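Chain letters run A, B, ... following the sequence lines, proteins first, then strands; residues in each count from 1. In what follows, every heavy atom counts, from backbone to side chain, and hydrogens, waters and symmetry copies are set aside. As the structure is a computational prediction, the values presented were derived from the model and not from experiment.
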2 protein chains.
Amino acid sequence: MNKYERIAREVKERIMNKTYSSDQPIPDEISLASEFQVSRMTMKKALDTLVSEGLLIRKRGHGTFIVKSAYHSPVNVVVNEMLGLTNLLRGKDIKNKIIAFDVQFPSEEVASQLFIDSKSPVYHMIRLRIVEGEPYVMEKTYMPVNLISGLTEEVLYGSIYKHIKEELGLNIVGSHRTIRASKSTKMDQEHLICASDDPILEIEQVGFLDTGIPFEYSFSRHRYDKFVFTTVNRMR
Amino acid sequence: MNKYERIAREVKERIMNKTYSSDQPIPDEISLASEFQVSRMTMKKALDTLVSEGLLIRKRGHGTFIVKSAYHSPVNVVVNEMLGLTNLLRGKDIKNKIIAFDVQFPSEEVASQLFIDSKSPVYHMIRLRIVEGEPYVMEKTYMPVNLISGLTEEVLYGSIYKHIKEELGLNIVGSHRTIRASKSTKMDQEHLICASDDPILEIEQVGFLDTGIPFEYSFSRHRYDKFVFTTVNRMR
DNA sequence: GAGTGGTCTAGACCACTCA
DNA sequence: GAGTGGTCTAGACCACTCA
C-alpha cells in the first residue's frame with residue numbers, strides 16, 4: 001500500500017474514533033507530515049482523499065475540519081455498483097433470468113452512445129436479477145459484438161463483467177450515468193412484481209474501458225423500495 | 001487562474017476540437033509538461049482534473065486516452081445544483097410559493113442529521129419552485145435556527161442560499177445526497193400538478209458549511225419528467 | 001529495454017484568515 | 001505577523017506495458 005493510502009486510513013480511523021475532536025481543526029499539514037515522516041505533498045494527498053470522500057473540509061488560512069455528517073452513513077455505497085451486481089452483493093444468492101438475448105443492428109441512439117456505426121452489430125440482452133428470491137432490477141444492455149465477444153446464455157446466467165475482465169482481459173474503468181424516476185411499464189410489473197402505480201428508479205449508463213472506448217449502454221430499472229443512489233457532492 | 005487550470009482548459013479544448021485523435025493516446029506527460037513549460041507534477045494535476053471530469057483515462061505504462069463518450073454530453077450538469085436552483089437556472093423566471101414556514105423542535109431524525117439536540121429549534125419550510133410558470137420541485141427543508149438566522153418570508157421568496165452566503169457570510173461547500181424514486185403523495189399531486197401514478201424523483205440532502213457543520217437537511221421532490229441526475233463514476 | 005504514468009521528496013512562494 | 005492550506009518546481013525511483 002502507498003504511503004498516502006496508509007496515512008489516509010490512519011487519519012480516517014482517528015476521525016471515526018474521535019481522537020480528533022470535530023469541534024476544532026485537525027492538526028495542520030506540516031505537523032502531520034512531520035508526525036508521519038513524509039513530505040508535505042504526500043500528507044496533502046492523504047488528506048485530499050479524505051476530502052473527496054466527504055470526511056474533511058479544508059480552508060486556506062484556517063485549517064482542516066471534520067465534516068460532522070461524516071460520522072453518520074457509510075458514504076458512496078453505490079459508487080461500487082460499477083463492479084457489477086454480482087460483486088456488489090457478494091455472498092448473497094443472486095439468480096439471473098434471461099428475458100431476451102439476441103444480436104441486432106443498433107438503433108441510431110445505441111450506435112451513437114457506443115460510438116459505432118449503424119451496421120456494426122450489437123448484443124441486446126434483458127436480464128432480471130433476483131436477489132435472495134426477490135426481483136431486484138431488470139437490466140437492458142447493449143454491447144458491441146466486435147468488442148465484447150463470446151457472450152452466451154451461460155455467461156448471462158453468471159456475471160458479464162466477470163467474463164469481460166477474466167475471459168476477455170479488458171479493464172472496465174468507469175461510466176457516465178443518468179438517474180431518473182420513471183413510471184412502471186407492463187413489463188416492469190410482470191418481472192419486478194410491482195403494482196401499476198409503483199415507480200421505477202432507472203439508471204442509464206454508458207460504461208467504458210481503460211482505452212476510453214464504450215463497451216456497454218444499459219438501462220437498469222430498479223424497484224423503488226429496494227434501491228437508493230448516494231453521492232458526495234463538493235463545490236469548488 | 002492557476003497554471004494547471006489554464007492547461008486543463010487548453011487540453012480540453014484540443015480534445016473537443018479533435019486536435020488530439022481519440023484513436024491514439026494523447027502526448028505523454030513529459031512531452032506535455034515540456035510543451036507547456038511546467039513541471040511534470042503540474043502537468044499531471046492538469047490532466048487529473050480532466051480525468052475526474054470523465055474526459056480522459058490514464059493507464060500506467062500505456063498512456064492517456066480520450067473517453068469517447070466525453071464528446072457527447074455536457075457531463076455533471078447537476079453537480080452544480082448545490083448552488084441552489086436560483087443559480088442553476090439563472091436567467092429563467094423562477095417563482096417560489098411558500099407552502100409552510102414555521103419553527104419547531106426537530107424530530108429525532110432531523111436532530112441527528114443536523115447534529116443538534118432535540119431542544120434546539122429548527123426552521124421548517126416547504127417551498128414550491130415554479131420555473132417559467134411550470135411547477136418543478138417541492139422542497140422540504142430544515143435548518144438550525146442558531147446557525148441560519150434571520151429567515152423571513154421575503155428571503156424564502158428569493159434564494160435562501162444567497163441569504164446564507166451574502167447576509168450571513170457563511171460558505172456552503174458540499175452535501176451528502178441520497179436519490180430515490182418515490183410514489184407521489186396527495187400533496188405532490190396538488191402542488192406539482194401531477195397524476196396519481198406519476199412517480200417522483202426525490203433527493204434527500206444534508207448540506208454543510210466549510211466548517212463541516214451541517215446547515216440543512218432537505219427533501220427535494222422533483223417531477224419525474226422535468227429532472228434527471230447525472231454523474232461520472234470512476235473505479236479505482 | 002524503452003516508454004508510460006504513479007508516488008514521493010524537500011524545498012519555495014503565495015493567498016487567505018485571524019488577531 | 002503568525003499560521004494555515006494551495007500551487008509549483010526539479011528531480012528521483014518505481015510499477016506496469018509492450019515489443
Under 3.5 Å, is there a donor-acceptor pair between the side chain of B:R177 and the main chain of B:I203?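 Judged by distance alone, no pair lies under 3.5 Å.
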Under the 3.5 angstrom rule, does the side chain of A:N96 hit a backbone N or O of A:R127 as a donor-acceptor pair?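 Between the backbone of A:R127 and the side chain of A:N96 there is no qualifying donor-acceptor contact (under 3.5 Å).
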What string of B, S and - do you get for nucleotides 11-19 of chain C, 5' to 3', when a contact is any protein heavy atom under 4.0 Å? -B--BBBS-
Taking atom CD as the centre, does A:E109 end up with more than 12 heavy-atom neighbours from other residues, nucleotides or ligands that are less than 6.0 angstrom away?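 Correct, the count exceeds 12.
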Taking CZ in A:R9 as the centre, count heavy atoms belonging to other residues, nucleotides or ligands within less than 6.0 Å. Is the count above 12?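 Atom CZ in A:R9 is not packed in, count stays at 12 or less.
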Should the pair A:E10-A:R14 be classified as a salt bridge under the 4.0 Å nitrogen-to-oxygen rule?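 Answer for the salt bridge query: yes.
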Length of the [atom1]-[atom2] vector between [X] and [N], whole Å:
{"X": "B:M1", "N": "D:dG6", "atom1": "CE", "atom2": "P", "result": "19 Å"}
{"X": "B:L32", "N": "C:dG5", "atom1": "CG", "atom2": "C1'", "result": "12 Å"}
{"X": "A:I57", "N": "D:dG6", "atom1": "CD1", "atom2": "P", "result": "11 Å"}
{"X": "B:F36", "N": "D:dC8", "atom1": "CZ", "atom2": "C1'", "result": "16 Å"}
{"X": "A:L47", "N": "C:dT7", "atom1": "CG", "atom2": "P", "result": "16 Å"}
{"X": "A:D28", "N": "D:dA2", "atom1": "CG", "atom2": "P", "result": "16 Å"}
{"X": "B:K44", "N": "D:dA10", "atom1": "NZ", "atom2": "P", "result": "16 Å"}
{"X": "A:D210", "N": "C:dT4", "atom1": "CG", "atom2": "C1'", "result": "13 Å"}

Counting the atoms with a prime plus P, OP1 and OP2 as sugar-phosphate, which does B:K45 contact under 4.0 Å by heavy atoms, base, sugar-phosphate, or nothing?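 It contacts sugar-phosphate atoms only.
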Can you list, pair by pair, the side-chain donor-acceptor contacts under 3.5 Å of residues 23-32 of chain B, counting residues two or more places apart and other chains?
{"residue": "B:D28", "atom": "OD1", "partner": "B:S31", "partner atom": "OG", "Å": "2.7"}
{"residue": "B:D28", "atom": "OD2", "partner": "B:I30", "partner atom": "N", "Å": "3.1"}
{"residue": "B:D28", "atom": "OD2", "partner": "B:S31", "partner atom": "N", "Å": "3.1"}
{"residue": "B:D28", "atom": "OD2", "partner": "B:S31", "partner atom": "OG", "Å": "3.3"}
{"residue": "B:E29", "atom": "OE1", "partner": "B:R40", "partner atom": "NE", "Å": "2.6"}
{"residue": "B:E29", "atom": "OE1", "partner": "B:R40", "partner atom": "NH2", "Å": "3.0"}
{"residue": "B:E29", "atom": "OE1", "partner": "B:K44", "partner atom": "NZ", "Å": "3.3"}
{"residue": "B:E29", "atom": "OE2", "partner": "B:K44", "partner atom": "NZ", "Å": "3.0"}
{"residue": "B:E29", "atom": "OE2", "partner": "B:R58", "partner atom": "NH1", "Å": "3.1"}
{"residue": "B:E29", "atom": "OE2", "partner": "B:R58", "partner atom": "NH2", "Å": "2.6"}

I want to confirm an ordering. Mapping B:D48 and A:M43 to their closest nucleotides on DNA chain C, which one lands closer to the 5' end?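 Closer to the 5' end of DNA chain C: B:D48.
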Check whether any side-chain N or O of [X] sits under 4.0 Å from OP1 or OP2 of [N], and answer yes or no.
{"X": "A:K3", "N": "C:dT9", "result": "yes"}
{"X": "B:Y4", "N": "D:dT7", "result": "yes"}
{"X": "A:T42", "N": "C:dT9", "result": "yes"}

Write out the stems for DNA chain C, ordered by first number and formatted as range with range, counting runs of at least 3 consecutive Watson-Crick or G-U wobble pairs under 3.5 Å.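 Ordered by first number, the stems with DNA chain C (at least 3 consecutive pairs each) read C:1-18 with D:1-18.
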Which nucleotide, C:dT9, D:dA10, D:dT4, lies nearest any side-chain atom of B:S39?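 Nearest to the side-chain atoms of B:S39, counting from C-beta on, is D:dA10.
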Heavy-atom closest contact (A:D210 atom, B:F65 atom, distance):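 Here A:D210 and B:F65 meet closest at O-CD1, 3.9 Å.
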Can the ring centres of A:F215 and A:Y217 be said to be less than 6.0 Å apart?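 No, they do not, as the ring centres are separated by 6.0 Å or more.
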Please work out whether the ring planes of A:Y142 and A:H124 are parallel, tilted or perpendicular, with thresholds of 30° and 60°.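 Tilted: the ring planes of A:Y142 and A:H124 meet at 30° to 60°.
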